[in-house]
Enquirer: 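My questions will all concern the structure given below.
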Amino acid sequence: MLSLTRLIEKKLQEALEKVVKGQSDQSFVSEINCNPQLSPASKPEYGDFQANCALSLAKPFKQSPRQIAINIVDQLHKDDTFLKLCKPAQIAGPGFINLTLRESCLIKELNDRFIDARLGVPVTEKTCLADSPCQVVIDFSSPNIAKEMHVGHLRSTIIGDSLARVLEFRGYPVLRLNHVGDWGTQFGMLITHLKDVAPLALQQQDALELGDLVAFYREAKKRFDTDQLFQQASREEVVKLQRGEEPSKRAWTMLCEQSRKEFQKIYDRLDIRLIERGESFYNSYLQEVVHDLDSYGLLVIDDGARCVFLKGHKNGEEHTAPPVIVQKRDGGFNYSTTDLAAVRYRLAPIPQGDGAHRVIYVTDAGQTSHFAGVFEVAKLANWVPEGARLEHVPFGLVQGEDGKKLKTRSGETVRLCDLLDEAVERAESDLRKRLIDEGRNEDENFIQHVATTVGIAAVKYADLSQNRNTNYQFSFDRMLALQGNTAPYLLYALVRISGIYRKGGEHDLSSEGLHFTEPQEWALIRELLKFDEVIVLVEEELLPNRLCNYLFELSQIFNRFYDQVPVLKAPKKSRMSRLALCRLTAETLRIGMGLLGISTLERM
Ligand code: ARG
């Protein structure tokens, strides 16, 4: 209903402008805001929309808001286009204008949906260079080499993937970048240690598992902190690596390859596509970045380190934010320098860079001030083209059911592969129990397929359905429940609804035309027509939970309709129309879940 909403907004605005022009006293007119303040109706009995502008005009007009509302409505009722879309407007309370769409108008929208594979979601109109849609970069997942991928990376992966899917659906070219931590002093330690204790690991592919690597990393760190000679050797090793010396480079490549293979197993299970472009990619640009900042006069030497000092704002007052350090006293670069090089590269026009118009970073909220600093420096350095957006998409911590940091029973950090295994195992045991209860006999392939799909879907949906800004409590029991706002509930709703229209057989709507009589039908139609607005909202706010809530609400409204109105047993004309609603509901759920990165099932 996006275009319809915009049209009605325009009609209201025109009516409002006429009312303003008609005022005898024009002296204050330039100060008046002619925004009709249209929003969805707060209750279904008020219709579809309400406009609140009359209330804010009372003061400048020196008239009662009700009188202003009457004048606006009088103008609206002279507009034929408006009258074709809406029933006569109603005025409520002190001067709210309530608008209800005509049924003919809803039917027309609905008919458009039936023949539109995009379910009314328009391809973006925003264009950049050569009139093509603007390039988006999403930096997500981004685990660190030689370290285990943890639940924070899982959140980033799931949220980032869903945002990428929504933006791709809107027609943007999306570059999905995995900014892996593959560079830095830790490699010096690790390589030096491995040379001593497991030299084969640096020469032979597959000699190590990521788990071993993590253990070696821990040992190396311990030695580094206690052993002077080891420290010295590690530092030398980093220099060799940065100079690109062969044995060191080869060892590094090997370590990255081993981690990459482990990460890929997780991505495959989660159906995630990513392009790896780790920190090392920006190595050759770091010096340039510092040079660039220096030439803009942005660098200050503070205790030997080169920094950019920024002005922060807190409670309206200016204060000094912590400086962004771009080069350490020993000449080394750090996480911020790499991110500055990355943001510069991403915003630079093709072929020097990615030519991005919007760059989105999905990480835990702990990195908020890091990104605020990086974005601010990028602006000061003039790297951000007009209209381009840099956005940090933060998310809260993953907690156990006790509200503390998620841990295994023995107190260790949870490995992602174990977590996914457990979700699938539990989904399988729930399924086996249900099959027995329902007296069903299914083959093993079916059971494995359903359990895997449900288990992964549950983990993803539990994460996405929360407002990402809050901490999130991880609970297998809750995420796998067949009732409530969960993946199994939605998957099951979809299976059931598809079953209904399949039972209804083929139907040709064009010959019959749509015919609706019941309020439950209209409620479902109105909800179905909101899909496009929800998608555009997610594109803007980058909050996938909006889409989850919509799909859940849609399933509930569908259930009310199906419980209270006969479908398969209805007279022919109604039956066709109601089956069409079933089909559209199923299609909306399928596409909606697809945008969350959730695979759906035919049977379960
Ligand atoms: N590797 C980092 C971590 O594990 C996340 C990187 C996020 N992306 C970025 N451009 N800084 O926390």
Side-chain angles (χ1 to χ4, degrees), residues 135-161 163-164 174-187 190 210 213-214 217-218 221 252 255-256 259-260 262-264 266-267 272 274-283 285-286 289 324-326 333-348 353-354 356 358-379 381 383-384 388-398 405-406 413-416 468 542:
Q135 178 72 48
V136 176
V137 166
I138 308 191
D139 173 324
F140 69 105
S141 193
S142 310
N144 301 314
I145 300 289
K147 292 191 192 165
E148 204 77 68
M149 200 167 162
H150 56 68
V151 282
H153 296 123
L154 180 68
R155 276 206 99 173
S156 173
T157 307
I158 293 171
I159 296 170
D161 175 59
L163 295 177
V174 177
L175 194 53
R176 300 154 156 260
L177 290 185
N178 200 2
H179 189 85
V180 294
D182 63 353
W183 203 239
T185 41
Q186 76 265 30
F187 286 97
L190 191 58
L210 184 57
L213 212 48
V214 173
Y217 180 80
R218 253 186 242 132
K221 177 88 177 85
W252 172 78
L255 295 175
C256 291
S259 287
R260 189 173 295 135
E262 292 300 314
F263 298 156
Q264 193 57 42
I266 303 272
Y267 296 142
I272 306 287
L274 269 160
I275 295 176
E276 183 184 317
R277 197 201 272 166
E279 295 182 8
S280 61
F281 176 88
Y282 303 99
N283 189 39
Y285 300 95
L286 300 177
V289 163
V324 177
I325 301 175
V326 295
F333 303 110
N334 58 23
Y335 188 53
S336 292
T337 328
T338 308
D339 257 325
L340 285 169
V343 78
R344 180 169 172 266
Y345 189 92
R346 291 165 184 181
L347 292 170
D354 295 318
R358 190 175 189 188
V359 188
I360 295 168
Y361 297 79
V362 190
T363 78
D364 63 288
Q367 303 197 33
T368 302
S369 62
H370 163 73
F371 284 110
V374 168
F375 296 170
E376 190 59 35
V377 174
K379 275 180 219 147
W383 296 336
V384 190
R389 293 159 84 174
L390 297 176
E391 287 163 285
H392 178 219
V393 170
F395 52 80
L397 301 173
V398 183
K405 200 172 163 200
L406 190 68
T413 44
V414 179
R415 285 162 29 118
L416 290 194
R468 58 174 165 74
L542 307 176

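Ligands are counted one by one from 1 in listed order, and the atoms in each one are counted from 1 as well. Side chains included, hydrogens not; waters and symmetry mates left out as well; all remaining heavy atoms used.
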Enquirer: Near Arg218 CZ, under 6.0 Å, is it more than 12 heavy atoms from other residues, nucleotides or ligands?
Expert: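 Check fails, neighbour count at 12 or below.
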Enquirer: By the definition side chain to side chain contact (heavy atoms under 4.5 Å, CB included), identify the one residue from Phe281, Tyr282, Trp252 that meets it with Trp183.
Expert: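 Testing each of Phe281, Tyr282, Trp252 against Trp183, the sole residue satisfying side chain to side chain contact (heavy atoms under 4.5 Å, CB included) is Trp252.
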Enquirer: Compute whether any side-chain donor of one residue and acceptor of the other, for Tyr361 and Asp339, lie under 3.5 angstrom apart.
Expert: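 No, no side-chain donor-acceptor contact under 3.5 Å.
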Enquirer: Please work out whether any backbone atom (N, CA, C, O) or any side-chain heavy atom from C-beta onward of Thr338 is under 4.0 Å from ligand 1, and answer side chain, backbone, both or neither.
Expert: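 No part of Thr338 is near ligand 1 at this cut-off.
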Enquirer: Under 4.0 angstrom from ligand 1, any heavy atom of Gln367?
Expert: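 Heavy atoms of Gln367 do come under 4.0 Å of ligand 1.
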Enquirer: Strictly distance-based, threshold 3.5 Å: is any side-chain N or O of Arg155 a donor or acceptor partner for the main-chain N or O of Gly396?
Expert: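 Judged by distance alone, yes, a pair lies under 3.5 Å.
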Enquirer: Just let me know how Phe371 lines up against ligand 1, side chain, backbone, both or neither, with a heavy-atom cut-off below 4.0 Å.
Expert: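 The side chain, only.
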Enquirer: So how far is it from Leu274 CG to Asp139 CG, rounded to the nearest 0.5 Å?
Expert: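 Going from CG on Leu274 over to CG on Asp139, the span is 9.5 Å.
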Enquirer: Can you name the atoms of ligand 1, numbered from 1 with element, that are less than 4.0 Å from a heavy atom of His153?
Expert: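 Reading through ligand 1 atom by atom, the close ones are 3 (C), 4 (O).
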Enquirer: For the atom pair OG (Ser259) and CD (Gln264), what is the distance rounded to the nearest 0.5 Å?
Expert: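 The CD atom of Gln264 is 12.5 Å from OG of Ser259, to the nearest 0.5 Å.
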Enquirer: Give a yes or no on whether the backbone of Gly160 and the side-chain of Arg176 come within a donor-acceptor separation of less than 3.5 Å.
Expert: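 No; zero donor-acceptor contacts below 3.5 Å.
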Enquirer: Backbone, side chain, both or neither: what part of Asn144 comes under 4.0 angstrom of ligand 1, heavy atoms only?
Expert: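 It is the side chain that touches ligand 1; the backbone stays farther off.
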Enquirer: If you count the atoms of ligand 1 from 1 in the order shown, which ones are under 4.0 Å from a heavy atom of Asp139?
Expert: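 By the 4.0 Å cutoff, the relevant atoms are 7 (C), 8 (N), 9 (C), 10 (N).
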Enquirer: Near Thr363, which atoms of ligand 1 are under 4.0 Å from a heavy atom of that residue?
Expert: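 In order of numbering, the contacting atoms are 7 (C).
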Enquirer: Which atoms of ligand 1 are found less than 4.0 Å from any heavy atom of Tyr361?
Expert: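 Heavy-atom distances to Tyr361 below 4.0 Å select 10 (N).
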Enquirer: Report yes or no: does Tyr335 have a heavy atom closer than 4.0 Å to ligand 1?
Expert: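 Yes, Tyr335 has heavy atoms under 4.0 Å from ligand 1.
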Enquirer: State whether the shortest distance between N or O atoms of Asp339 and N or O atoms of ligand 1 falls below 3.5 angstrom.
Expert: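 Between Asp339 and ligand 1 (N or O atoms, distance only) the closest approach is under 3.5 Å.
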